[in-house]
> 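Take this structure, written in C-alpha coordinates, and hold onto it; I'll ask about it next.
Being a predicted model, the structure only gives us computed values, none of them experimental. Chain letters run A, B, ... following the sequence lines, proteins first, then strands; residues in each count from 1. When reading the values below, keep in mind they use all heavy atoms of this one structure, side chains included, and skip hydrogens, waters and symmetry mates.
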Amino acid sequence: MTKFSDLNLDAKVLKAIEEAGYETPTPIQAGAIPAALDGRDVLGIAQTGTGKTASFTLPMINMLGRGRARARMPRSLVLAPTRELAAQVAENFDTYAKYTKLTKALLIGGVSFKEQDALIDKGVDVLIATPGRLLDHFERGKLLLTGVQVMVVDEADRMLDMGFIPDIERIFSLTPFTRQTLFFSATMAPEIERITNTFLSNPEKIEVARQATASETITQGVVMFRASRKDRSASEKRKVLRALIDAEGDACSNAIIFCNRKVDVDVVAKSLTKNGYDAAPIHGDLEQSQRTRTLEGFREGKLRFLVASDVAARGLDVPAVSHVFNFDVPGHAEDYVHRIGRTGRAGRDGKAIMICSTSDEKNLEDVERLIEKEIPRIDNPLGQSAAADPEAPARPAEESPESGEQPKRTRSRRKPKDSASSARSGEAPSETAPVDAPGAPAETPPATETAQGVQDDAAPKAPARETAEAAPEPAPAAQADEAPEQKRPARGKGSRSDRGRDKSQGQQSGNEQPRQGRNDRQRGGEVVVGMGDHLPSFIAKSFEERQAS
DNA sequence: AAAAAAC
(Lines give C-alpha, C1' and ligand atoms only; values in the text may rest on other atoms or scores of the structure.)
Protein backbone atom coordinates (compact mmCIF):
# COMPACT_ATOMS: atom_id res chain seq x y z
CA MET A 1 0.00 0.00 0.00
CA THR A 2 1.15 3.48 -0.77
CA LYS A 3 2.57 5.53 2.03
CA PHE A 4 3.33 9.20 2.03
CA SER A 5 6.94 8.19 2.09
CA ASP A 6 6.50 6.59 -1.34
CA LEU A 7 5.29 9.79 -2.90
CA ASN A 8 8.53 11.55 -3.54
CA LEU A 9 7.80 14.27 -1.08
CA ASP A 10 10.55 16.29 0.47
CA ALA A 11 11.83 15.17 3.84
CA LYS A 12 10.65 18.37 5.47
CA VAL A 13 7.15 17.84 4.20
CA LEU A 14 7.18 14.21 5.24
CA LYS A 15 8.24 15.15 8.70
CA ALA A 16 5.34 17.55 9.06
CA ILE A 17 2.94 14.94 7.75
CA GLU A 18 4.22 12.44 10.22
CA GLU A 19 3.88 14.85 13.06
CA ALA A 20 0.35 15.55 12.06
CA GLY A 21 -0.24 11.87 12.56
CA TYR A 22 -0.58 10.67 9.00
CA GLU A 23 1.01 7.81 7.25
CA THR A 24 -1.21 6.69 4.45
CA PRO A 25 -2.56 9.05 1.82
CA THR A 26 -6.24 9.07 0.98
CA PRO A 27 -7.19 8.09 -2.55
CA ILE A 28 -7.38 11.64 -3.73
CA GLN A 29 -4.00 12.34 -2.22
CA ALA A 30 -2.46 9.22 -3.66
CA GLY A 31 -3.80 10.18 -7.06
CA ALA A 32 -3.20 13.90 -7.10
CA ILE A 33 0.16 14.24 -5.39
CA PRO A 34 2.30 12.28 -7.83
CA ALA A 35 0.60 13.88 -10.81
CA ALA A 36 1.07 17.34 -9.38
CA LEU A 37 4.68 16.65 -8.55
CA ASP A 38 5.13 15.63 -12.15
CA GLY A 39 3.92 19.03 -13.18
CA ARG A 40 0.64 17.79 -14.54
CA ASP A 41 -2.64 19.60 -14.27
CA VAL A 42 -5.03 17.86 -11.94
CA LEU A 43 -8.78 17.65 -12.06
CA GLY A 44 -9.97 16.30 -8.73
CA ILE A 45 -13.57 15.36 -8.28
CA ALA A 46 -13.98 15.07 -4.60
CA GLN A 47 -15.69 16.58 -1.64
CA THR A 48 -14.30 17.86 1.55
CA GLY A 49 -13.67 15.05 3.92
CA THR A 50 -11.68 13.12 1.39
CA GLY A 51 -8.36 14.70 2.20
CA LYS A 52 -8.65 17.03 -0.71
CA THR A 53 -6.93 20.01 0.85
CA ALA A 54 -3.72 18.19 1.56
CA SER A 55 -3.81 16.74 -1.92
CA PHE A 56 -2.87 20.14 -3.25
CA THR A 57 -1.07 21.78 -0.33
CA LEU A 58 1.46 18.98 -0.03
CA PRO A 59 2.71 19.00 -3.61
CA MET A 60 2.62 22.78 -3.66
CA ILE A 61 4.86 23.03 -0.67
CA ASN A 62 7.11 20.50 -2.22
CA MET A 63 7.31 22.27 -5.55
CA LEU A 64 7.77 25.70 -4.08
CA GLY A 65 10.49 24.48 -1.81
CA ARG A 66 13.14 25.90 -4.05
CA GLY A 67 13.15 29.46 -5.13
CA ARG A 68 12.04 32.64 -3.54
CA ALA A 69 9.13 34.95 -3.94
CA ARG A 70 9.52 38.40 -5.36
CA ALA A 71 7.66 41.42 -4.16
CA ARG A 72 4.07 41.52 -5.29
CA MET A 73 4.50 38.42 -7.34
CA PRO A 74 3.17 35.42 -5.54
CA ARG A 75 4.37 32.13 -6.88
CA SER A 76 1.20 30.25 -6.32
CA LEU A 77 -2.44 30.93 -5.75
CA VAL A 78 -5.28 29.07 -4.07
CA LEU A 79 -8.86 30.22 -4.56
CA ALA A 80 -11.66 29.19 -2.25
CA PRO A 81 -15.30 30.26 -2.26
CA THR A 82 -15.74 31.38 1.33
CA ARG A 83 -13.52 33.11 3.80
CA GLU A 84 -13.71 30.26 6.23
CA LEU A 85 -12.63 27.78 3.65
CA ALA A 86 -9.76 29.95 2.61
CA ALA A 87 -8.71 30.22 6.22
CA GLN A 88 -8.92 26.49 6.54
CA VAL A 89 -6.60 26.03 3.61
CA ALA A 90 -4.21 28.49 5.18
CA GLU A 91 -4.13 26.47 8.37
CA ASN A 92 -3.49 23.34 6.45
CA PHE A 93 -0.66 25.04 4.70
CA ASP A 94 0.83 26.13 8.01
CA THR A 95 0.68 22.62 9.30
CA TYR A 96 2.62 21.11 6.45
CA ALA A 97 4.95 23.96 5.64
CA LYS A 98 6.20 24.31 9.17
CA TYR A 99 9.67 23.04 8.35
CA THR A 100 10.03 25.16 5.27
CA LYS A 101 10.62 28.83 4.88
CA LEU A 102 7.69 29.37 2.62
CA THR A 103 5.59 32.42 3.22
CA LYS A 104 1.91 32.84 2.64
CA ALA A 105 -0.78 35.47 2.73
CA LEU A 106 -4.48 34.98 3.28
CA LEU A 107 -6.48 37.43 1.23
CA ILE A 108 -10.07 37.49 2.34
CA GLY A 109 -12.67 40.17 2.72
CA GLY A 110 -13.85 41.57 5.98
CA VAL A 111 -10.41 42.27 7.32
CA SER A 112 -8.05 45.12 6.75
CA PHE A 113 -6.10 45.48 3.57
CA LYS A 114 -3.14 46.75 5.38
CA GLU A 115 -1.58 43.62 6.69
CA GLN A 116 -2.42 41.78 3.52
CA ASP A 117 -0.70 44.47 1.52
CA ALA A 118 2.34 44.39 3.69
CA LEU A 119 2.74 40.68 3.15
CA ILE A 120 2.25 40.92 -0.58
CA ASP A 121 4.80 43.69 -0.74
CA LYS A 122 7.36 41.54 0.92
CA GLY A 123 6.61 38.78 -1.47
CA VAL A 124 4.81 35.56 -0.70
CA ASP A 125 5.14 32.08 -2.03
CA VAL A 126 1.52 31.17 -1.52
CA LEU A 127 -1.51 33.35 -1.82
CA ILE A 128 -4.75 31.94 -0.48
CA ALA A 129 -7.76 34.00 -1.37
CA THR A 130 -11.42 34.48 -1.98
CA PRO A 131 -12.00 35.86 -5.45
CA GLY A 132 -13.44 39.25 -4.54
CA ARG A 133 -10.64 40.35 -2.30
CA LEU A 134 -8.02 39.03 -4.64
CA LEU A 135 -9.35 41.06 -7.54
CA ASP A 136 -9.66 44.05 -5.30
CA HIS A 137 -5.98 43.88 -4.52
CA PHE A 138 -5.24 43.39 -8.15
CA GLU A 139 -7.23 46.38 -9.22
CA ARG A 140 -5.43 48.53 -6.75
CA GLY A 141 -2.33 47.58 -8.56
CA LYS A 142 -0.87 45.86 -5.56
CA LEU A 143 -0.55 42.51 -7.06
CA LEU A 144 0.88 40.82 -10.10
CA LEU A 145 -0.23 37.37 -10.99
CA THR A 146 2.23 36.83 -13.77
CA GLY A 147 4.54 34.94 -11.49
CA VAL A 148 2.00 32.31 -10.54
CA GLN A 149 3.36 28.89 -11.28
CA VAL A 150 0.65 26.89 -9.60
CA MET A 151 -2.97 27.83 -9.33
CA VAL A 152 -5.55 25.92 -7.33
CA VAL A 153 -9.30 26.27 -7.57
CA ASP A 154 -11.01 24.62 -4.65
CA GLU A 155 -14.72 23.82 -4.42
CA ALA A 156 -15.33 24.95 -7.94
CA ASP A 157 -18.92 23.84 -7.98
CA ARG A 158 -19.63 26.04 -5.06
CA MET A 159 -17.93 28.90 -6.82
CA LEU A 160 -20.35 28.25 -9.59
CA ASP A 161 -23.32 28.38 -7.25
CA MET A 162 -22.08 31.63 -5.88
CA GLY A 163 -21.62 33.24 -9.23
CA PHE A 164 -17.85 33.37 -9.05
CA ILE A 165 -17.15 31.77 -12.35
CA PRO A 166 -16.59 35.03 -14.24
CA ASP A 167 -14.15 36.10 -11.54
CA ILE A 168 -12.39 32.79 -11.76
CA GLU A 169 -12.06 33.09 -15.49
CA ARG A 170 -10.70 36.54 -15.12
CA ILE A 171 -8.16 35.43 -12.58
CA PHE A 172 -7.13 32.56 -14.80
CA SER A 173 -6.53 35.05 -17.54
CA LEU A 174 -4.23 37.08 -15.33
CA THR A 175 -1.92 34.19 -14.69
CA PRO A 176 0.58 32.86 -17.20
CA PHE A 177 -0.74 30.10 -19.37
CA THR A 178 2.31 28.08 -18.50
CA ARG A 179 1.05 27.73 -14.97
CA GLN A 180 0.11 24.40 -13.51
CA THR A 181 -3.52 24.13 -12.51
CA LEU A 182 -5.04 21.99 -9.82
CA PHE A 183 -8.79 22.10 -9.97
CA PHE A 184 -11.25 20.59 -7.51
CA SER A 185 -14.97 20.21 -7.64
CA ALA A 186 -17.47 17.94 -6.00
CA THR A 187 -19.45 17.62 -9.19
CA MET A 188 -18.91 18.20 -12.87
CA ALA A 189 -21.73 20.48 -13.88
CA PRO A 190 -21.63 21.47 -17.54
CA GLU A 191 -20.33 24.90 -16.72
CA ILE A 192 -17.53 23.41 -14.67
CA GLU A 193 -16.73 21.07 -17.48
CA ARG A 194 -16.44 24.00 -19.79
CA ILE A 195 -14.03 25.80 -17.50
CA THR A 196 -11.83 22.78 -17.11
CA ASN A 197 -11.76 22.28 -20.85
CA THR A 198 -10.69 25.85 -21.27
CA PHE A 199 -8.12 26.23 -18.56
CA LEU A 200 -6.72 22.81 -17.86
CA SER A 201 -4.34 21.07 -20.10
CA ASN A 202 -4.53 17.35 -20.35
CA PRO A 203 -5.29 16.99 -16.68
CA GLU A 204 -4.88 13.89 -14.62
CA LYS A 205 -8.41 13.17 -13.58
CA ILE A 206 -9.03 11.76 -10.16
CA GLU A 207 -12.46 10.90 -8.90
CA VAL A 208 -13.16 9.90 -5.39
CA ALA A 209 -16.35 8.67 -3.87
CA ARG A 210 -17.95 11.06 -1.55
CA GLN A 211 -17.37 10.09 1.99
CA ALA A 212 -19.91 7.92 3.64
CA THR A 213 -23.18 8.77 2.04
CA ALA A 214 -25.82 10.36 4.08
CA SER A 215 -27.49 7.17 5.07
CA GLU A 216 -24.51 5.39 6.37
CA THR A 217 -23.11 7.00 9.43
CA ILE A 218 -25.79 9.57 9.98
CA THR A 219 -29.09 8.81 11.62
CA GLN A 220 -31.73 11.06 10.20
CA GLY A 221 -35.15 12.19 11.30
CA VAL A 222 -37.67 14.88 10.56
CA VAL A 223 -40.43 16.45 12.61
CA MET A 224 -43.45 17.57 10.69
CA PHE A 225 -44.31 20.81 12.35
CA ARG A 226 -47.53 22.71 12.34
CA ALA A 227 -48.04 25.69 14.53
CA SER A 228 -51.02 25.84 16.79
CA ARG A 229 -51.57 29.33 15.57
CA LYS A 230 -50.01 31.03 12.70
CA ASP A 231 -48.75 33.96 14.66
CA ARG A 232 -46.96 31.65 17.01
CA SER A 233 -45.38 29.61 14.39
CA ALA A 234 -41.93 31.08 14.75
CA SER A 235 -41.69 30.84 18.48
CA GLU A 236 -43.24 27.42 18.58
CA LYS A 237 -40.78 26.22 16.06
CA ARG A 238 -37.96 27.39 18.23
CA LYS A 239 -39.57 25.60 21.09
CA VAL A 240 -39.68 22.42 19.09
CA LEU A 241 -36.01 22.86 18.45
CA ARG A 242 -35.27 23.14 22.12
CA ALA A 243 -37.35 20.09 22.86
CA LEU A 244 -35.48 18.15 20.22
CA ILE A 245 -32.19 19.23 21.67
CA ASP A 246 -33.31 18.33 25.16
CA ALA A 247 -34.46 14.94 23.99
CA GLU A 248 -30.98 14.19 22.80
CA GLY A 249 -29.55 14.89 26.20
CA ASP A 250 -25.88 14.39 26.69
CA ALA A 251 -25.59 12.52 23.43
CA CYS A 252 -25.70 15.92 21.87
CA SER A 253 -22.27 17.11 22.78
CA ASN A 254 -22.31 19.83 20.19
CA ALA A 255 -24.35 20.68 17.15
CA ILE A 256 -24.76 22.89 14.16
CA ILE A 257 -28.21 24.31 13.69
CA PHE A 258 -28.89 25.41 10.13
CA CYS A 259 -31.43 28.02 9.17
CA ASN A 260 -32.25 29.13 5.66
CA ARG A 261 -32.13 32.82 6.38
CA LYS A 262 -29.66 34.98 8.13
CA VAL A 263 -32.38 36.69 10.12
CA ASP A 264 -33.47 33.38 11.48
CA VAL A 265 -29.93 32.45 12.33
CA ASP A 266 -29.82 35.50 14.55
CA VAL A 267 -33.22 34.91 16.03
CA VAL A 268 -32.61 31.27 16.79
CA ALA A 269 -29.22 31.94 18.29
CA LYS A 270 -30.62 34.66 20.50
CA SER A 271 -33.52 32.52 21.51
CA LEU A 272 -31.33 29.61 22.45
CA THR A 273 -29.02 31.80 24.42
CA LYS A 274 -31.90 33.36 26.23
CA ASN A 275 -33.08 29.94 27.19
CA GLY A 276 -29.80 28.96 28.64
CA TYR A 277 -28.24 27.15 25.74
CA ASP A 278 -24.71 27.87 24.79
CA ALA A 279 -25.19 29.11 21.24
CA ALA A 280 -23.76 31.62 18.81
CA PRO A 281 -24.62 32.61 15.25
CA ILE A 282 -22.54 32.55 12.14
CA HIS A 283 -23.52 33.96 8.75
CA GLY A 284 -22.24 36.26 6.12
CA ASP A 285 -23.55 39.50 7.56
CA LEU A 286 -21.57 39.19 10.74
CA GLU A 287 -18.23 40.77 11.24
CA GLN A 288 -15.45 38.61 10.02
CA SER A 289 -13.77 38.80 13.37
CA GLN A 290 -16.85 37.43 15.01
CA ARG A 291 -17.23 34.72 12.41
CA THR A 292 -13.69 33.65 13.05
CA ARG A 293 -14.01 33.76 16.78
CA THR A 294 -17.26 31.85 16.81
CA LEU A 295 -16.03 29.15 14.54
CA GLU A 296 -12.88 28.78 16.52
CA GLY A 297 -14.79 28.48 19.76
CA PHE A 298 -16.96 25.83 18.21
CA ARG A 299 -14.02 23.89 16.91
CA GLU A 300 -12.35 23.98 20.26
CA GLY A 301 -15.42 22.73 22.00
CA LYS A 302 -16.00 25.92 23.90
CA LEU A 303 -19.24 26.56 22.13
CA ARG A 304 -21.91 23.91 22.05
CA PHE A 305 -24.31 25.20 19.43
CA LEU A 306 -23.35 26.87 16.22
CA VAL A 307 -26.36 28.42 14.57
CA ALA A 308 -25.47 28.84 10.93
CA SER A 309 -26.55 29.84 7.48
CA ASP A 310 -25.28 27.86 4.57
CA VAL A 311 -22.00 29.66 4.87
CA ALA A 312 -21.13 26.75 7.10
CA ALA A 313 -22.85 24.06 5.10
CA ARG A 314 -20.00 22.98 2.95
CA GLY A 315 -16.43 22.17 3.39
CA LEU A 316 -16.04 23.30 6.93
CA ASP A 317 -14.06 20.82 8.81
CA VAL A 318 -15.14 20.57 12.38
CA PRO A 319 -14.32 17.22 13.83
CA ALA A 320 -16.78 15.61 16.15
CA VAL A 321 -20.05 17.35 15.55
CA SER A 322 -22.53 15.04 17.20
CA HIS A 323 -25.70 16.57 15.76
CA VAL A 324 -26.97 18.67 12.93
CA PHE A 325 -30.35 20.29 13.37
CA ASN A 326 -32.03 21.68 10.32
CA PHE A 327 -34.30 24.36 11.65
CA ASP A 328 -35.55 24.75 8.09
CA VAL A 329 -35.61 22.36 5.20
CA PRO A 330 -33.02 23.69 2.81
CA GLY A 331 -34.48 25.11 -0.35
CA HIS A 332 -31.79 23.48 -2.40
CA ALA A 333 -32.00 19.77 -1.86
CA GLU A 334 -28.33 19.19 -2.32
CA ASP A 335 -27.61 21.51 0.54
CA TYR A 336 -29.26 18.99 2.80
CA VAL A 337 -26.54 16.54 2.03
CA HIS A 338 -23.88 19.13 2.65
CA ARG A 339 -25.40 20.27 5.88
CA ILE A 340 -25.85 16.89 7.46
CA GLY A 341 -22.41 15.98 6.20
CA ARG A 342 -21.04 18.19 8.98
CA THR A 343 -21.82 15.36 11.36
CA GLY A 344 -20.97 11.69 11.19
CA ARG A 345 -17.51 12.56 10.04
CA ALA A 346 -14.32 10.64 10.40
CA GLY A 347 -16.13 7.49 11.22
CA ARG A 348 -18.17 8.86 14.06
CA ASP A 349 -21.87 8.44 14.43
CA GLY A 350 -23.88 11.49 13.69
CA LYS A 351 -27.46 12.46 13.98
CA ALA A 352 -29.33 14.84 11.75
CA ILE A 353 -32.73 16.09 12.82
CA MET A 354 -34.85 18.43 10.78
CA ILE A 355 -37.95 20.46 11.41
CA CYS A 356 -40.30 20.69 8.49
CA SER A 357 -42.96 23.37 8.54
CA THR A 358 -46.00 22.98 6.38
CA SER A 359 -44.54 25.44 3.94
CA ASP A 360 -41.36 23.38 3.71
CA GLU A 361 -43.06 20.19 2.66
CA LYS A 362 -42.33 20.65 -0.97
CA ASN A 363 -38.67 21.11 -0.18
CA LEU A 364 -38.75 18.01 1.93
CA GLU A 365 -40.04 16.04 -1.01
CA ASP A 366 -37.16 17.33 -3.05
CA VAL A 367 -34.68 16.31 -0.42
CA GLU A 368 -36.12 12.84 -0.15
CA ARG A 369 -36.13 12.45 -3.87
CA LEU A 370 -32.52 13.44 -3.96
CA ILE A 371 -31.35 11.10 -1.26
CA GLU A 372 -33.72 8.44 -2.52
CA LYS A 373 -34.95 7.66 0.84
CA GLU A 374 -37.69 8.65 3.16
CA ILE A 375 -36.44 10.43 6.21
CA PRO A 376 -37.99 8.79 9.25
CA ARG A 377 -40.68 10.93 10.85
CA ILE A 378 -40.28 11.92 14.44
CA ASP A 379 -43.25 13.01 16.46
CA ASN A 380 -43.34 16.59 17.41
CA PRO A 381 -41.96 16.54 20.92
CA LEU A 382 -44.43 19.20 21.89
CA GLY A 383 -47.22 16.96 20.92
CA GLN A 384 -48.95 19.06 18.33
CA SER A 385 -48.73 16.74 15.49
CA ALA A 386 -49.46 18.00 12.09
CA ALA A 387 -51.71 15.15 11.42
CA ALA A 388 -53.84 15.96 14.40
CA ASP A 389 -55.89 18.51 12.63
CA PRO A 390 -54.88 20.07 9.44
CA GLU A 391 -57.12 23.06 9.68
CA ALA A 392 -56.37 24.19 13.16
CA PRO A 393 -58.02 27.53 13.30
CA ALA A 394 -56.56 29.67 15.98
CA ARG A 395 -57.16 27.78 19.12
CA PRO A 396 -56.33 30.08 21.97
CA ALA A 397 -56.24 27.90 25.02
CA GLU A 398 -54.23 25.05 23.82
CA GLU A 399 -50.69 26.05 23.59
CA SER A 400 -48.21 24.58 25.81
CA PRO A 401 -47.59 25.92 29.25
CA GLU A 402 -44.99 28.52 28.82
CA SER A 403 -46.08 30.19 25.71
CA GLY A 404 -49.27 31.03 27.45
CA GLU A 405 -48.02 34.31 28.64
CA GLN A 406 -47.68 35.69 25.25
CA PRO A 407 -49.97 38.53 24.58
CA LYS A 408 -52.00 37.41 21.70
CA ARG A 409 -51.81 40.63 20.02
CA THR A 410 -48.17 41.06 19.51
CA ARG A 411 -48.44 39.93 16.06
CA SER A 412 -50.45 42.34 14.11
CA ARG A 413 -48.00 45.12 14.43
CA ARG A 414 -45.92 44.94 11.38
CA LYS A 415 -42.69 46.56 11.55
CA PRO A 416 -42.35 49.48 9.28
CA LYS A 417 -40.67 48.77 6.06
CA ASP A 418 -37.41 49.99 7.35
CA SER A 419 -35.38 46.99 6.71
CA ALA A 420 -35.79 45.63 3.33
CA SER A 421 -34.14 42.53 4.49
CA SER A 422 -36.95 41.14 6.48
CA ALA A 423 -39.62 42.28 4.17
CA ARG A 424 -39.26 39.19 2.16
CA SER A 425 -39.53 36.67 4.86
CA GLY A 426 -42.23 34.95 3.01
CA GLU A 427 -44.98 33.17 4.71
CA ALA A 428 -45.09 34.83 8.03
CA PRO A 429 -43.63 38.25 7.80
CA SER A 430 -45.04 39.35 11.05
CA GLU A 431 -43.27 36.98 13.25
CA THR A 432 -39.64 37.59 13.11
CA ALA A 433 -39.57 40.37 15.54
CA PRO A 434 -42.80 41.09 17.29
CA VAL A 435 -43.84 37.67 18.36
CA ASP A 436 -40.94 37.43 20.58
CA ALA A 437 -41.62 40.11 23.02
CA PRO A 438 -43.59 38.44 25.71
CA GLY A 439 -44.10 41.12 28.21
CA ALA A 440 -43.69 43.92 25.82
CA PRO A 441 -46.60 45.80 24.51
CA ALA A 442 -47.15 45.63 20.85
CA GLU A 443 -44.99 48.60 20.50
CA THR A 444 -41.69 46.91 20.66
CA PRO A 445 -39.55 49.20 18.66
CA PRO A 446 -39.03 47.70 15.30
CA ALA A 447 -36.22 45.39 15.85
CA THR A 448 -33.54 46.10 13.41
CA GLU A 449 -33.21 43.79 10.59
CA THR A 450 -31.37 41.28 12.57
CA ALA A 451 -34.03 40.75 15.07
CA GLN A 452 -32.58 41.49 18.37
CA GLY A 453 -35.90 41.06 19.95
CA VAL A 454 -35.85 37.48 20.73
CA GLN A 455 -37.33 37.44 24.08
CA ASP A 456 -39.77 34.80 23.26
CA ASP A 457 -39.52 31.43 24.37
CA ALA A 458 -40.13 31.35 28.00
CA ALA A 459 -37.68 31.34 30.75
CA PRO A 460 -34.45 29.48 30.81
CA LYS A 461 -35.12 25.99 31.73
CA ALA A 462 -32.60 23.80 30.15
CA PRO A 463 -29.61 23.74 32.35
CA ALA A 464 -27.04 25.62 30.47
CA ARG A 465 -24.59 22.99 29.76
CA GLU A 466 -21.17 23.95 30.64
CA THR A 467 -19.12 24.06 27.63
CA ALA A 468 -16.44 22.08 29.27
CA GLU A 469 -18.34 18.93 28.93
CA ALA A 470 -18.58 19.37 25.24
CA ALA A 471 -14.91 19.45 24.68
CA PRO A 472 -14.13 16.94 22.03
CA GLU A 473 -11.09 14.91 22.35
CA PRO A 474 -8.15 16.57 20.79
CA ALA A 475 -8.30 15.51 17.24
CA PRO A 476 -4.97 15.51 15.60
CA ALA A 477 -6.68 14.18 12.58
CA ALA A 478 -8.32 17.43 11.77
CA GLN A 479 -5.88 18.84 9.34
CA ALA A 480 -6.01 16.80 6.29
CA ASP A 481 -9.72 17.23 5.97
CA GLU A 482 -9.69 14.12 8.03
CA ALA A 483 -9.32 10.40 8.16
CA PRO A 484 -6.59 9.84 5.69
CA GLU A 485 -6.63 6.18 6.34
CA GLN A 486 -9.98 5.58 4.90
CA LYS A 487 -10.14 4.68 1.40
CA ARG A 488 -12.70 3.61 -0.94
CA PRO A 489 -12.92 2.79 -4.53
CA ALA A 490 -13.32 5.60 -6.92
CA ARG A 491 -16.59 5.69 -8.57
CA GLY A 492 -18.76 7.46 -11.00
CA LYS A 493 -18.96 11.15 -11.16
CA GLY A 494 -21.79 12.94 -9.57
CA SER A 495 -22.85 15.70 -11.78
CA ARG A 496 -26.00 17.41 -10.89
CA SER A 497 -27.94 15.32 -13.21
CA ASP A 498 -26.77 12.01 -11.97
CA ARG A 499 -26.69 12.54 -8.34
CA GLY A 500 -29.49 10.11 -7.98
CA ARG A 501 -27.70 7.30 -9.57
CA ASP A 502 -24.80 8.14 -7.47
CA LYS A 503 -26.72 7.12 -4.50
CA SER A 504 -27.38 3.68 -5.66
CA GLN A 505 -23.82 2.85 -5.09
CA GLY A 506 -23.93 4.16 -1.66
CA GLN A 507 -23.90 0.74 -0.17
CA GLN A 508 -20.49 -0.14 -1.22
CA SER A 509 -18.79 -1.43 1.78
CA GLY A 510 -15.51 0.02 0.88
CA ASN A 511 -15.72 2.45 3.69
CA GLU A 512 -14.37 0.24 6.24
CA GLN A 513 -14.02 1.22 9.76
CA PRO A 514 -16.08 4.28 9.96
CA ARG A 515 -18.76 2.87 12.07
CA GLN A 516 -18.45 0.52 14.83
CA GLY A 517 -20.77 -0.05 17.63
CA ARG A 518 -24.04 1.60 17.19
CA ASN A 519 -24.44 1.11 13.55
CA ASP A 520 -27.11 -1.45 14.08
CA ARG A 521 -29.41 1.42 14.52
CA GLN A 522 -28.49 2.95 11.26
CA ARG A 523 -28.69 -0.20 9.35
CA GLY A 524 -32.40 -0.05 9.19
CA GLY A 525 -32.29 3.47 7.99
CA GLU A 526 -34.99 3.14 5.46
CA VAL A 527 -37.50 1.75 7.82
CA VAL A 528 -38.74 4.04 10.43
CA VAL A 529 -36.50 3.22 13.25
CA GLY A 530 -36.49 5.32 16.31
CA MET A 531 -34.30 8.24 16.80
CA GLY A 532 -32.53 6.64 19.62
CA ASP A 533 -33.17 6.07 23.17
CA HIS A 534 -35.55 8.75 24.22
CA LEU A 535 -38.36 8.51 21.80
CA PRO A 536 -40.99 6.41 23.51
CA SER A 537 -41.91 8.85 26.20
CA PHE A 538 -42.99 11.59 23.96
CA ILE A 539 -44.72 9.42 21.52
CA ALA A 540 -47.08 8.48 24.24
CA LYS A 541 -47.38 11.98 25.33
CA SER A 542 -48.24 13.28 21.99
CA PHE A 543 -51.10 10.89 21.68
CA GLU A 544 -52.51 11.91 24.96
CA GLU A 545 -52.30 15.46 24.04
CA ARG A 546 -53.97 14.86 20.82
CA GLN A 547 -56.82 13.16 22.58
CA ALA A 548 -57.07 15.97 24.97
CA SER A 549 -57.50 18.56 22.34
C1' DA B 1 -35.60 31.62 -2.04
C1' DA B 2 -31.30 32.45 0.12
C1' DA B 3 -26.64 32.55 0.81
C1' DA B 4 -21.94 34.05 -0.26
C1' DA B 5 -18.32 37.49 -1.89
C1' DA B 6 -15.35 43.69 -2.51
C1' DC B 7 -15.43 48.60 -0.70
> Write down the distance between CG (A:N363) and P (B:dA2), rounded to a whole number of angstrom.
11 Å
> With A:R293, which residues qualify under salt bridge (charged side-chain N to carboxylate O under 4.0 Å, His left out), at least two apart?
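Testing A:R293 for salt bridge (charged side-chain N to carboxylate O under 4.0 Å, His left out), a comparison that skips the adjacent residues, returns none.
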> With sequence neighbours excluded, tell me which residues meet salt bridge (charged side-chain N to carboxylate O under 4.0 Å, His left out) with A:E287.
none
> Check this one for me: any side-chain N or O of A:R83 less than 4.0 Å away from OP1 or OP2 of B:dA6?
yes
> Can you see if the side chain of A:R291 gets near the phosphate of B:dA5 - specifically, an N or O under 4.0 Å from OP1 or OP2?
yes
> Report yes if a side-chain nitrogen or oxygen of A:T130 is closer than 4.0 Å to either non-bridging phosphate oxygen (OP1 or OP2) of B:dA6; otherwise report no.
yes
> Applying a 4.0 Å non-hydrogen cut-off, can you work out what A:N260 is touching in the nucleic acid: base, sugar-phosphate, or nothing?
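Sugar-phosphate, backbone atoms only, no base.
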> Is it the case that the side chains of A:N92 and A:T53 hold a donor-acceptor pair, with the cut-off being a distance below 3.5 Å and no angle test?
no
> Please list, one pair per line, the donor and acceptor atoms closer than 3.5 Å that link side chains of residues 106-114 of chain A to other protein atoms, with sequence neighbours excluded.
residue : atom : partner : partner atom : Å
A:S112  : OG   : A:K114  : N            : 2.9

> When you measure from the side chain of A:H332, which nucleotide among B:dA6, B:dA1, B:dA3 comes out closest?
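Of B:dA6, B:dA1, B:dA3, B:dA1 is nearest to the side chain of A:H332.
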> Measure from the side chain of A:K262, starting at C-beta and using heavy atoms only, and say which of B:dA6, B:dA3, B:dA5 lies closest.
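Within the option list, the nearest is B:dA3.
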> Test of understanding: with salt bridge (charged side-chain N to carboxylate O under 4.0 Å, His left out), list the residues that count as partners of A:R291, not counting sequence neighbours.
A:E84
> If I take atom CG in residue A:L160 and atom P in nucleotide B:dA5, what distance separates them, rounded to the nearest angstrom?
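Taking atom P of B:dA5 as the reference, CG of A:L160 is at 17 Å.
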> From CG of A:D136 over to P of B:dA5, roughly how many Å is that when rounded to an integer?
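Distance check: A:D136 CG to B:dA5 P gives 14 Å.
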> In whole Å, what is the span from the CD atom of A:E334 to the P atom of B:dA2?
17 Å
> Got a sec, which residues hit salt bridge (charged side-chain N to carboxylate O under 4.0 Å, His left out) with A:D117, two or more places apart in sequence or on another chain?
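Residues passing salt bridge (charged side-chain N to carboxylate O under 4.0 Å, His left out) with A:D117: none at all.
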> Take atom CG of A:D167 and atom C1' of B:dA5, then tell me their distance rounded to the nearest Å.
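It is 8 Å, rounded to the nearest whole Å.
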> Calculate the interatomic distance between A:R170 atom CZ and B:dA6 atom P; express it in whole Å.
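In whole Å, B:dA6 P lies 14 Å from A:R170 CZ.
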> Is the shortest side-chain N/O distance from A:S309 to OP1 or OP2 of B:dA4 below 4.0 Å?
yes
> What nucleic acid atoms does A:P81 come within less than 4.0 Å of, heavy atoms only: base, sugar-phosphate, or nothing?
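Contact class for A:P81: sugar-phosphate only.
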> Do A:H338 and A:D310 get their side chains close enough for a donor-acceptor pair, meaning under 3.5 Å?
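No, because no side-chain N or O of A:H338 sits under 3.5 Å from a partner of the opposite role on A:D310.
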> Per the atom types in the model, does the base of B:dA3 pair as donor or acceptor with the side chain of A:H283 at under 3.5 Å?
no
> Would you jot down, in residue-number order, the residues of residues 105-118 of chain A having a non-hydrogen atom under 4.0 Å from DNA chain B?
A:G109, A:G110, A:F113
> In whole Å, what is the span from the CG atom of A:L79 to the P atom of B:dA6?
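Between P of B:dA6 and CG of A:L79: 11 Å.
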> To the nearest Å, give me how far apart CG (A:L295) and C1' (B:dA4) are.
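So the CG-C1' distance, A:L295 to B:dA4, works out to 15 Å.
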